[in-house]
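Report on one structure; see the data block that follows.
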2 protein chains.
Amino acid sequence: MSPYDPSAFPPFAVTVDLVVLTVRRHALCALVVRRGEQPYQGRWALPGGFVRSEEDLGAAAARELAEETGLCAHEPGTPSIGNGAHLEQLATYGDPKRDPRMRVVSVAHLVLAPDLPAPRAGGDAHSARWAPVEALLGQEDDYSREDEPPAPLAFDHAQILADGVERARSKIEYSSLATAFCPPEFTVGELRRVYEAVWGVALDPRNFHRKVTGTPGFLVPSGGTTTRQGGRPAQLFRAGGATLLNPPMLRPEV
Amino acid sequence: MSPYDPSAFPPFAVTVDLVVLTVRRHALCALVVRRGEQPYQGRWALPGGFVRSEEDLGAAAARELAEETGLCAHEPGTPSIGNGAHLEQLATYGDPKRDPRMRVVSVAHLVLAPDLPAPRAGGDAHSARWAPVEALLGQEDDYSREDEPPAPLAFDHAQILADGVERARSKIEYSSLATAFCPPEFTVGELRRVYEAVWGVALDPRNFHRKVTGTPGFLVPSGGTTTRQGGRPAQLFRAGGATLLNPPMLRPEV
DNA sequence: GATCATAGTCGTCTTCCTGACGATAAACAG
DNA sequence: CTGTTTATCGTCAGGAAGACGACTATGATC
């Protein structure tokens, strides 16, 4: 190396893998599909697939997402239309032994989506489901009554998932990205429960309310109220134009 | 798609590109090499090259870095020995048209290094040099007496460089990574000039001194003093064990 | 209908951090 | 010796955040 000789380069397969996160029943959940073939047949894996010949990486990720969930994702540059989810590139994994069949370089992407109905299984997956990330990553916490034993994810997908979760946890600190987990209209309490689920901590409702309503551009009132959470009616908000929070939300000490 | 069929995948070339940053003469500079062949012959580009068949992505980046600069980089997981620089994966660029010859997916890496002597030109590059990022990115600022007209970088390297610079700018806010720009022993003033060069702002020496010396684990005194910056002798420090700064350094308003 | 549980919202107080900036200390240049 | 440069310590006011009390407006229960 490295005479830049295009005629003699080692060929790689390039795939995209998706870390699709949502908040369901007060828990951070990831989308996983059951593998229908070897290797790791029958094991859970992150959704993904090959990048096509004339396809950009982000486009491939958005296509795979649509195939698996029907979601219309938009990257930050793209104008935000419809009920799209947030999509961003996460990292690239290229260990020579990560796929026993051949050399595969996978460009992982992170998707943050509001709570959805059951995912539709599509493509090569026998089935798809939402699973709490704690169970998938084999944390210490209680999945005593979870219906799925914590079989490890296929390939290096546990590492990819862990990286995606950590990205989400840190990114909602200094950006308004937590609203990507919420429906178009939401209450301060619902947004707080998103933070609590993603961080796995309890937050003071009064300080949280003061913080988010006092940050300019974070939330804009939509006029209505709702009692879907019970208790006193809560004001409804939409995500404001601000994307960066300054000063940031502070994650409580460990 | 996407039956995961290894026998029928579109082949890609996978490369690593390097954004190597350092601080020289109070300016943030990047390592660029002059291209010796088509396309973009004679233009400046980021150093990089093909990933080998049995080589991990980070290893390929470290190898290319050593070939270009002689630097021994270590990724965060690796134990930090010697005069190594900081290396981390930045992002992956895979636009189908980014290289006119063929489909190339490039995994860009970010390297932060202390000020070095002139880079040694190696590999396929006719020559290598440090260039201020402002000139490379065609900023508004004064490069009136720069010896190089701001010819745009080859391929999409201007975008990659801009992403790397932005990563460095934000990362020194909440991590101790600014010390990667410093020699093993440095003064508070030298560290402050790193921040000033990377951010392009002036910082109050008194508040900066209070902040960095008051953050536990950021700096540990090494015992000696130096007057290499002129003026009153300054205490010498080494980087402490802390990697995350909490609370972070605050970048002044724009 | 009274009571209770639940969630939302507004305030207060203390503590910590930061930005602005005065003042002193220790070197070198003339 | 005097001015210049850089380093370092201190003070003060303003803002943000954690802890927590108090009040409000619903639905559920008796």
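Residue numbers begin at 1 in each chain, while the letters A, B, ... track the order of the sequences.
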Requested in this report: Count the heavy atoms belonging to other residues, nucleotides or ligands that lie under 6.0 Å from CZ of B/Arg25, then report whether that count exceeds 12.
Outcome: no

B/Gln235 atom CD is separated from C/dA25 atom P, nearest whole Å, by 17 Å

Regarding the side chain of A/Thr187, the nearest nucleotide among D/dA17, C/dC21, C/dG8 is C/dG8

Comparing nearest nucleotides in DNA chain D, the 5'-proximal residue of the pair A/Arg210, A/Gly231 is A/Arg210

The residue, B/Gly230 or B/Leu250, whose nearest nucleotide of DNA chain C is more 5′ is B/Leu250

Closest of C/dT18, D/dT26, D/dA16 to the B/Pro247 side chain is C/dT18

Report which part of the nucleic acid B/Arg228 touches: base, sugar-phosphate, or nothing (heavy-atom distance under 4.0 Å, all strands).
nothing

Ranking D/dC20, D/dT6, D/dT8 by distance to the side chain of B/Val188, first place goes to D/dT8

Exercise for the section: Please check if the side chain of A/Thr227 supplies one atom and the backbone of A/Gly230 the other of a donor-acceptor pair under 3.5 Å. Expected result: no

Among the nucleotides C/dA26, D/dA16, C/dG8, whichever has the atom closest to the side chain of B/Arg232 is C/dA26

Q. With no angle test and no hydrogens, is the base of C/dG22 tied to the side chain of B/Arg206 by a donor-acceptor pair under 3.5 Å?
A. yes

Separation between NE2 (B/His109) and CG (B/Leu18), nearest 0.5 Å, reads 8.0 Å

Between A/Lys211 and D/dA16, does any side-chain N or O lie under 4.0 Å from OP1 or OP2? no

Value for CG (A/Asp17) from CD (A/Glu64), rounded to nearest 0.5 Å, stands at 9.0 Å

Regarding the side chain of B/Ala234, the nearest nucleotide among C/dT18, D/dT8, C/dC21 is D/dT8

